[in-house]
Engineer: 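Got a structure for you, questions after.
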Amino acid sequence: MERVNGLRSLLASQDLTFLAGVPYVYHCHHYNLFHDQTIDDALGEELGTTVRTRAAQNAARELLQAIAARLGAETPIEIIQLAQDLFAWMGHGTLKIDVDATGGRAEGSYLHYGYSWTEKYGARVRRAHPADAFAAGFAAAATELGWKLPPGSMAAVEQKCLVLRDAGCAFELRPGSPVAAPRLVDEAAFASHVAPSFGGLEEETISAIADGLRGFLRGVRGDERGLVQAFSVFVTAHLSNYYSETIYEAVHQLEKTQPGSASVAESLFREAGQVCVFNTFGNILLSPEWEGMVGAPTGDPMNTLAGCCAIARGLGFGHWTLHAFSPKELVLRASSNYEAPFYLSRYGKSDKARCYIFQGAALAMMVLATKVKWTEHPKLTQEFYISLFRGKIPWKVRQTQCQTRGDAIAEVTVSLG
Amino acid sequence: MDFARDQSCLRSLNWRTDLPPGGQLDPLVAALSRADFTPTSTGESPLLVLRAREGHEVLIVRRSGRVQIRVHYLTPEPERRAAAEAIFRTLVRGVVGLLP
């Protein structure tokens, strides 16, 4: 898998990262579980699972195709082996795919979603539907590519899952209905939908930390389980096109069928951005890895905000800058993020702002910067999250500029409501 | 030296202690090496990482003396605290050995 490490690339001025030309980012299990839950909350479990599996299949197919071409994997055996190795390298767990051109089975152990769900919720929550749509889509995409089948011609269903108290995870792969391939959203597409890069407050600090974090992440890969445990969380190298397709397909579906519910779903997707900053960014800030690299958080709001912008850049979220800050207002600007390029490439212009993760993240950054006593070693528990975010936030977030709407950049303003 | 769960939601896997300020790390590393820990980080790294054969890890932040003890995930949950405490005792013995 060392050869895959060499396929990483960076659109440096935009802090966007690619694997064989396919956009990827890092997200932790808290975000990943919440993200998938929001899709199911918006669409219902059955349609939510369908949308998530299809998005995984699309994104994984794009990645596997690009990597197989660059590494010269051609035969079914080579491509299936590559898929299994890549899946584990990215931190998604261990997937054993046993298929031919007509389908077959796949078995998973330590799958990121199912395993981390069990670790997080364990016996406290009972769940009635499986958690590993990403693995299902990945296995289906690998099978299609291995046997040179058109997109959609393989369908995968998770039949056993750790979260259902099964001993392991198992998938059935069977023939599906071929569909037209969705438009590629690759490095070239991203590059065509970003603004010229610019700086902001604390620019030198943010830039240097982001470089350091990227350097650290280059050494991160799945362990013997295929999981990445770092910063006190399970981390995945993940396909941003998966996140974006699931969110936008869900919100478009609601806009079409239940327009009154679309704004509720949008607020859920914003909350996914909050969850990301609270858990992923927060755990990074409190981690020994960060303390060694940067120093422990000082509690000064600018220290927290600069750290958060650096983390966003280091994880591949785009070129986030601090434009203005006071205890009453925070303005973030970005020449790029991973949401707008996907939207513009796949759907074209929108009549409203669409960078939900960026919006929620900004609000959470304001909260982390002003409400959390970092020097007292806070525990980032669910109870603490609720105490910070549910019902007590004096600020409102608005996306004041959005590239999907035709603006040159993305800008979000967090101000007293 | 205090011993407590570190900020982490993963079940009893990560524990924290802090070394007294101003101590030398080399004798402490030697004490951990005698307890079967092997450094996996480079000498220049701001984060010193040592790993035991059982998979437990000790991370030491050079600049602050913060220590994170990471118990291997295959350790049954009821035994994780005891495993971390055993490593903590090794650390304490190493620190005591540094005292004048």
Side-chain angles (χ1 to χ4, degrees), chain A residues 28-30 33 109-110 115-124 209 212-213 215-216 219 223-235 275 278-280 282-298 372-385, chain B residues 1-19 21 25 28-29 32 37 39-78 80 84 87-88 91:
Chain A
C28 82
H29 71 286
H30 297 287
L33 295 175
S109 53
Y110 294 110
Y115 182 73
S116 66
W117 189 95
T118 309
E119 283 287 305
K120 181 167 182 170
Y121 299 111
R124 288 187 293 125
I209 298 172
L213 186 55
F216 175 82
D223 60 17
E224 64 277 11
R225 298 168 291 177
L227 294 174
V228 174
Q229 221 166 333
F231 308 118
S232 308
V233 292
F234 291 110
V235 179
V275 167
F278 176 80
N279 287 295
T280 313
N283 274 301
I284 290 175
L285 288 170
L286 290 169
S287 68
E289 291 92 335
W290 181 268
E291 193 167 322
M293 195 168 61
V294 181
T298 64
V372 175
K373 294 174 179 164
W374 291 100
T375 55
E376 296 178 9
H377 310 311
K379 302 257 188 303
L380 301 181
T381 61
Q382 184 64 14
E383 293 73 26
F384 188 39
Y385 175 83
Chain B
M1 288 166 66
D2 291 330
F3 173 76
R5 285 173 200 274
D6 206 350
Q7 57 81 30
S8 158
C9 55
L10 302 179
R11 288 181 282 175
S12 303
L13 286 171
N14 293 355
W15 299 81
R16 175 175 181 147
T17 187
D18 291 273
L19 301 176
L25 285 184
L28 192 60
V29 171
L32 285 165
F37 280 85
T40 61
S41 54
T42 64
E44 310 304 316
S45 170
L47 192 66
L48 186 56
V49 182
L50 299 103
R51 175 180 267 247
R53 202 177 313 169
E54 302 92 338
H56 306 317
E57 285 185 332
V58 173
L59 285 72
I60 304 173
V61 180
R62 287 183 190 274
R63 69 164 81 196
S64 65
R66 173 183 175 182
V67 178
Q68 187 175 68
I69 298 167
R70 292 185 177 169
V71 179
H72 192 254
Y73 63 89
L74 283 180
T75 308
E77 193 171 347
R80 289 175 183 172
I87 297 166
F88 175 65
L91 283 164

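To find a chain, count down the sequence lines: A is the first, B the second, and so on, and within it residues start at 1. The figures here come from the full heavy-atom set of this structure, side chains too, leaving out hydrogens, waters and symmetry mates.
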Engineer: Looking only at heavy atoms and a cut-off of under 4.5 Å, which of A:Pro378, A:Gly295, A:Ala296, A:Gly122 has the most pairs with chain B?
Structural biologist: A:Gly295

Engineer: Could you tell me the separation between the CZ atom of B:Arg66 and the NE2 atom of A:His377, rounded to the nearest 0.5 Å?
Structural biologist: 7.5 Å

Engineer: Do A:Glu289 and B:Leu47 make a side-chain contact, defined as non-hydrogen atoms from C-beta onward lying under 4.5 Å apart?
Structural biologist: yes

Engineer: So which heavy atom on B:Pro46 is nearest to which on A:Gly292, and how close?
Structural biologist: CB-O, 3.1 Å

Engineer: Please classify the contact of A:Phe384 with chain B as side chain, backbone, both or neither, using a heavy-atom distance under 4.5 Å.
Structural biologist: neither

Engineer: Testing B:Asp6, B:Leu13, B:Asn14 for side-chain contact (heavy atoms from CB on, under 4.5 Å) with A:Ser232, which one passes?
Structural biologist: B:Asn14

Engineer: Closest approach of B:Leu59 and A:Pro288, non-hydrogen atoms and distance?
Structural biologist: CD2-CG, 4.1 Å

Engineer: For B:Arg63, what residues pass the side chain to side chain donor-acceptor pair (under 3.5 Å) criterion, not counting sequence neighbours?
Structural biologist: none

Engineer: Tell me every residue that passes side chain to side chain contact (heavy atoms under 4.5 Å, CB included) with B:Thr17, counting only those two or more places apart in sequence or in another chain.
Structural biologist: B:Met1, B:Val67, B:Phe88, B:Leu91

Engineer: To the nearest 0.5 Å, what is the distance between NE2 on B:His72 and CG on A:Asp223?
Structural biologist: 7.5 Å

Engineer: Shorter than 4.5 Å, heavy atoms on both sides: which option in A:Leu227, A:Asn279, A:Val294 has the most such pairs with chain B?
Structural biologist: A:Val294

